[in-house]
Amino acid sequence: MGFRIRLRFPECRTLKDRRMRVQSLIQRAKRRHGFSAADLSDPLKSNYAEIGLAAVGRTESEIRTRVDLILEALDHGGETDVLGVEEIELGGEARP
């Protein structure tokens, strides 16, 4: 399964700030939750990011639970607004 997460960082003023936060999120998704992850962001927007996640698991609900844990950690941080999450089906179609 794949996911695209759209994020806004209200406090980020520079691209370096955004990159640091995105890289931290990507590393956490990889280490703690077993996802493959990539930064899909527009390189010119300092307070907006898109992150792609992909994972395999025994069930779809297990993978969705792992994504929920990532999103929950973002909400508790208070420095990140989750603008949306799209689930990408195996056929390549996105689902909001």
Side-chain angles (χ1 to χ4, degrees):
M1 290 182 76
F3 299 88
R4 180 183 297 244
I5 301 174
R6 292 179 291 115
L7 306 167
R8 186 172 69 88
F9 305 106
E11 301 299 318
C12 283
R13 301 288 179 241
T14 66
L15 293 174
K16 183 178 179 180
D17 288 342
R18 186 204 65 201
R19 275 194 308 269
M20 288 179 11
R21 291 187 188 185
V22 169
Q23 287 304 317
S24 173
L25 172 62
I26 286 173
Q27 291 303 318
R28 192 175 329 120
K30 288 179 176 182
R31 271 192 320 253
R32 291 185 187 167
H33 304 289
F35 281 93
S36 293
D39 184 355
L40 308 174
S41 305
D42 180 336
L44 300 177
K45 294 182 180 178
S46 62
N47 68 346
Y48 176 81
E50 290 188 14
I51 296 172
L53 301 174
V56 295
R58 285 177 265 169
T59 65
E60 288 183 10
S61 64
E62 173 208 339
I63 296 170
R64 285 190 186 101
T65 298
R66 290 168 30 203
V67 169
D68 289 342
L69 290 171
I70 292 170
L71 296 173
E72 199 173 289
L74 288 172
D75 285 342
H76 290 301
E79 298 177 350
T80 305
D81 297 332
V82 178
L83 301 177
V85 178
E86 294 177 60
E87 182 178 317
I88 300 171
E89 300 276 335
L90 290 177
E93 299 177 20
R95 219 176 19 178

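Side chains are part of it too, since the values below use all heavy atoms of this structure and drop only hydrogens, waters and symmetry mates.
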What about Tyr48 and Phe9, same hydrophobic cluster or not, with Ile/Leu/Val/Met/Phe/Trp/Tyr joined at side-chain heavy-atom distances under 4.5 Å?
no
Would you indicate whether the side-chain heavy atoms of Thr80 and Leu25 approach each other to under 4.5 Å?
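Leu25 does not reach Thr80 side chain to side chain.
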Using side-chain heavy atoms (C-beta onward) and a distance below 4.5 Å, is Val82 in contact with Leu7?
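Contact flag for Val82/Leu7 side chains = yes.
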Pairs satisfying salt bridge (charged side-chain N to carboxylate O under 4.0 Å, His left out), at least one member in residues 24-38, at least two apart:
none
Sequence neighbours left out, what pairs pass salt bridge (charged side-chain N to carboxylate O under 4.0 Å, His left out) with at least one residue falling in residues 8-22?
Arg8-Asp81, Arg21-Glu79
What closest approach, in Å, do [X] and [Y] show between heavy atoms, and which atom pair accounts for it?
X	Y	result
Asp39	Ile26	N-CD1, 3.5 Å
Cys12	Ser46	CB-O, 3.3 Å
Ala29	Leu53	CB-CD2, 3.9 Å
Val22	Ala49	CG2-CB, 3.6 Å

Roughly how far apart are Glu87 CD and Glu60 CD, rounded to 0.5 Å?
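Output value for this atom pair is 6.5 Å.
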Interatomic distance, Asn47 atom CG to Lys45 atom NZ [nearest 0.5 angstrom]
9.0 Å
With no hydrogens and no angle check, is any side-chain donor or acceptor of Thr65 less than 3.5 Å from a backbone partner on Ser61?
yes
Test salt bridge (charged side-chain N to carboxylate O under 4.0 Å, His left out) applied to Arg4 - qualifying residues, sequence neighbours left out
Glu50
Using the side-chain contact (heavy atoms from CB on, under 4.5 Å) definition, which of the options Ile88, Leu71, Ile63 pairs with Phe3?
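Option passing the side-chain contact (heavy atoms from CB on, under 4.5 Å) with Phe3: Ile63.
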